[in-house]
Undergrad: 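Following this message is one structure expressed as structure tokens.
Just so you know, these numbers come straight off a predicted model, no measurement behind them. Below, chains carry the letters A, B, ... as their sequence lines are ordered, and counting in each starts from 1.
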Protein chains: 2
Amino acid sequence: MLNSHQPARATIVDVARAAGVSRQTVSNAINSPERVSPDTLARVLKVVDELNYRPSSAARTLRHQRAGAVGTELNAVTDIPSDVALPFLTALTLSAPRHACHMVPFASREAFPMLDGYQDMVRRRLVDAFVLTDTHPADPRPDWLEQAGIPYASFGRIYDDSSRVWWADVDGSAGTRTAVAHLAESGFRAVGFLGWPAGSAVGDDRRLGWLDGVERHDVVLGPEAAAPQSLTEAITAAEVLLDGLAIGDAVVCASDVLALGVQQAALARGWKPGRDLGITGFDGSATAHLHGITSLVQPLDDIAEHLLTIVHDQLAGAPAPTQGTLFLPTLTVGASTVTTSTKGTP
Amino acid sequence: MLNSHQPARATIVDVARAAGVSRQTVSNAINSPERVSPDTLARVLKVVDELNYRPSSAARTLRHQRAGAVGTELNAVTDIPSDVALPFLTALTLSAPRHACHMVPFASREAFPMLDGYQDMVRRRLVDAFVLTDTHPADPRPDWLEQAGIPYASFGRIYDDSSRVWWADVDGSAGTRTAVAHLAESGFRAVGFLGWPAGSAVGDDRRLGWLDGVERHDVVLGPEAAAPQSLTEAITAAEVLLDGLAIGDAVVCASDVLALGVQQAALARGWKPGRDLGITGFDGSATAHLHGITSLVQPLDDIAEHLLTIVHDQLAGAPAPTQGTLFLPTLTVGASTVTTSTKGTP
DNA sequence: GGACACATTATGAACGTTCAAATGAACGAT
DNA sequence: ATCGTTCATTTGAACGTTCATAATGTGTCC
């Protein structure tokens, strides 16, 4: 008996009846208040409040032929989720109400038929648009979505084709340049680099920022090494890298996991991160936070807001921008670049 | 011109016309195929396929007075997200289609007015039910939802009131008991415990499993210590704990972060995790995976499936269960409990 | 005072679907 | 031959909203 029936929910006609006006006047009071006289507006809104009325999103969707929802795929294929996936989804979810929509996540364990989930959501008209993540070269999704006329926005460059403009990304080289500047200010001498194997666009970009930063600031060019996104391999690579560095030097890393590898390798040879060796990571992930590693935090809130603006504009038929947008990461300082320890060397 | 208009989407009447039948027959062909003759069924389904028809979820929602969606709140208040939040949401998202629904996340930066998001989604009829996470004692949500007649299911016990039955959780004591058994089999001698400060129901439960396991298996009771969910504090506590242990002993931890603290403390004194000291964590988080720590993986897929079944049953008016459900975590072995290293001691 | 502009409110229709009830056809049983 | 029965299919209505349009009132100008 407890959960037999939800309390009868008020509809627009209930409000209209109670306020002594017509459906349409209630609709106007909510959607275009300027079209209704001040006193009736007040009366209607009072009733709306009393009855706790909110327009049914389903009815609106049916009428407007617009779901008011944006789909986004959760990566359920790899076991280890990206460190930024949840914060990014949270940022999208927080931004969505500002764009009068909500997010609808979907996922699939199949690696191959990537488009199925997208097709299904479109056909059922559950979403109007998509936010893509983890776009890679030869990604079929942008192509398919454009041909189907479905708006989308990608977190991450679309490498396929430079004519694609519906994306926002983090300015990697600006980030590592900032990291070098910070290390220079903190008094570190030589600055090395631990990146990913060459060929990754994101990684190459971050490496360039390091090179550029070293040139611009008062630090010595240190050695560089590369490792895949794995802690053990990062440690191995870091050990070699540290052989070419001395106490008082620093390492800029292309990711937080790589930075963690450097930190572990440093600790293994008795170097205290921060005091003896500067280390910076990239992404501002929970991993960096947990281990006190200075990192470059991605402005996920801004990016999410921008991406939803993009799809909103597309739905409204606004003209396309001429290019994608880069956002600057911000440096958060952790123990790994703080030289003045309580028992530290001057 | 590119994205001027999406291709005209087929509706049920389009299919009906093309197949030479009525709306309702198409509807039946999709929803109750047994009610339509075999040959017309085939004909209709063929047209459905050709036109790529899928019922509009908005129209269905309006007709059925059911959103076919389940809301779940993303924690946007604390900076550091839970390690299991994303895998759990992914599991829910994967399970949802099996229950003919989809997930709708929502979030708020406000810590205080927790119910606002829930109220809003219900009033707009965007969701039929909720999946709760991070339920805590004196949590207002279960009470409010039950009074409002809104189905819900909680991942995590509802401590308030034992009459609450709409939850599923991980069997913590069974987990740590399994961990002790594994350590005993692996030949570790004494087994200590690093937990959270007493008073947390989850933590106390996991501690009991350790005690119980030590009693049942051929290991010596080691010392115990406590630390909050912070790496630096975990390391500090672990240092004290290790003073009471010797090479060949082990530590069971209430969480992966605590286990990481033990691992770091062990490395700091030159003990190799696995070979010299067994370490187990809890949750099977990305942290544990990254650092090669043996952990107890929560069966998130099963839990998600169960929770959606619960809300589905509530919506269908099925009788309530008599109690919540516990799920057993499974042990994944990492380097932190592997004694036979390539260059190891026999 | 009548025509006109304007502001405000009201009415019919439609979005796409499914339920409830009606229609028609086939088939035995009486 | 007629009457139920059953099965396959169709029709009318409704879910709640907003668009397009119509109706109403209110004042202004000549």
Side-chain angles (χ1 to χ4, degrees), chain A residues 5-45 47-48 51-69 100 122-128, chain B residues 5-45 47-48 51-69 100 122-128:
Chain A
H5 272 306
Q6 314 211 1
R9 356 189 190 192
T11 76
I12 201 171
V13 287
D14 296 324
V15 176
R17 208 176 357 245
V21 294
S22 70
R23 305 189 303 278
Q24 188 60 39
T25 303
V26 178
S27 179
N28 287 337
I30 291 175
N31 299 309
S32 352
E34 76 282 359
R35 307 189 65 185
V36 52
S37 77
D39 52 340
T40 38
L41 177 63
R43 184 154 37 99
V44 170
L45 291 185
V47 175
V48 164
L51 299 186
N52 259 333
Y53 168 74
R54 293 286 184 290
S56 149
S57 51
R60 272 192 162 164
T61 294
L62 188 58
R63 177 70 240 226
H64 280 130
Q65 297 288 78
R66 188 145 290 181
V122 169
R123 296 220 186 102
R124 293 164 56 203
R125 253 133 276 169
L126 220 88
V127 301
D128 305 311
Chain B
H5 272 306
Q6 314 211 1
R9 354 188 191 193
T11 76
I12 201 170
V13 287
D14 296 325
V15 177
R17 209 177 354 245
V21 295
S22 71
R23 305 187 304 277
Q24 188 61 37
T25 302
V26 178
S27 179
N28 287 338
I30 291 175
N31 300 308
S32 356
E34 76 282 359
R35 307 190 65 184
V36 52
S37 76
D39 52 341
T40 39
L41 177 63
R43 185 155 36 99
V44 169
L45 291 185
V47 175
V48 164
L51 298 185
N52 260 332
Y53 169 73
R54 293 286 184 289
S56 149
S57 51
R60 273 191 162 165
T61 294
L62 188 58
R63 177 69 240 228
H64 279 131
Q65 297 288 78
R66 189 145 288 182
V122 169
R123 297 221 186 103
R124 293 164 55 203
R125 253 135 275 168
L126 222 93
V127 301
D128 305 311

Undergrad: Should Asn31(A) be listed as having a side-chain N or O under 4.0 Å from OP1 or OP2 of dT18(D)?
TA: yes

Undergrad: If you check every side-chain atom of Ile12(B), which of dC19(D), dT17(C), dT17(D) has the closest atom?
TA: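 Of dC19(D), dT17(C), dT17(D), dT17(C) is nearest to the side chain of Ile12(B).
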
Undergrad: Contact class for Arg124(B) (heavy atom, under 4.0 Å): base, sugar-phosphate, or nothing?
TA: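 No contact.
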
Undergrad: With a 4.0 Å limit, can you tell me whether Gln24(B) has a side-chain N or O closer than that to the phosphate oxygens OP1/OP2 of dG12(D)?
TA: no

Undergrad: Starting at the 5' end of DNA chain C and moving along, which residue's nearest nucleotide shows up first, Pro38(A) or Ser27(B)?
TA: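 Closer to the 5' end of DNA chain C: Pro38(A).
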
Undergrad: OP1 or OP2 of dA10(C) less than 4.0 angstrom from a side-chain nitrogen or oxygen of Thr25(A), does that happen here?
TA: yes

Undergrad: Would you say the base of dT17(D) and the side-chain of Arg63(A) have a donor-acceptor pair closer than 3.5 Å?
TA: no

Undergrad: Which residue lies toward the 5' end of DNA chain D, Ala59(B) or Thr40(B), if each is placed at its nearest nucleotide?
TA: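 Upstream on the strand: Thr40(B).
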
Undergrad: Picking from Val44(B), Leu45(B), Asn31(B), Val47(B), what satisfies side-chain contact (heavy atoms from CB on, under 4.5 Å) with Val26(B)?
TA: Val44(B)

Undergrad: Assign Arg66(A) to base, sugar-phosphate, or nothing according to its heavy-atom contacts below 4.0 angstrom with the strands shown.
TA: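 It contacts nothing in the nucleic acid.
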
Undergrad: From C-beta outward on Arg23(B), which listed nucleotide comes closest to its side chain: dC19(D), dG12(D), dT9(D)?
TA: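 Of dC19(D), dG12(D), dT9(D), dG12(D) is nearest to the side chain of Arg23(B).
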
Undergrad: In terms of side-chain heavy atoms of Ser22(B), which of dT10(D), dT18(C), dC15(D) is nearest?
TA: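 The listed nucleotide nearest to Ser22(B)'s side chain is dT10(D).
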
Undergrad: Can you measure from OG (Ser57(B)) to CG (Leu62(B)) and round to the nearest 0.5 angstrom?
TA: 11.5 Å

Undergrad: At under 4.0 Å, does any side-chain N or O of Arg60(A) touch on OP1 or OP2 of dT18(D)?
TA: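 Checking dT18(D) against Arg60(A), a side-chain N or O does come within under 4.0 Å of OP1 or OP2.
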
Undergrad: Inspect the surroundings of CZ in Arg35(A) and state if more than 12 heavy atoms from other residues, nucleotides or ligands are less than 6.0 Å away.
TA: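 Atom CZ in Arg35(A) is not packed in, count stays at 12 or less.
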
Undergrad: Roughly how far apart are Gln65(A) CD and Asp128(A) CG, rounded to 0.5 Å?
TA: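 It is 10.5 Å, given to the nearest 0.5 Å.
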
Undergrad: Report yes if a side-chain nitrogen or oxygen of Gln65(B) is closer than 4.0 Å to either non-bridging phosphate oxygen (OP1 or OP2) of dG16(D); otherwise report no.
TA: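 For dG16(D), OP1/OP2 do have a side-chain N/O of Gln65(B) under 4.0 Å.
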
Undergrad: In Å and rounded to the nearest 0.5 Å, what is the OG to CZ distance from Ser56(B) to Arg63(B)?
TA: 14.0 Å

Undergrad: Report the nucleotide, chosen from dA20(D), dT17(C), dT10(D), that has the shortest atom-to-atom distance to any side-chain atom of Tyr53(B).
TA: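 Nearest nucleotide to the side chain: dT17(C).
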
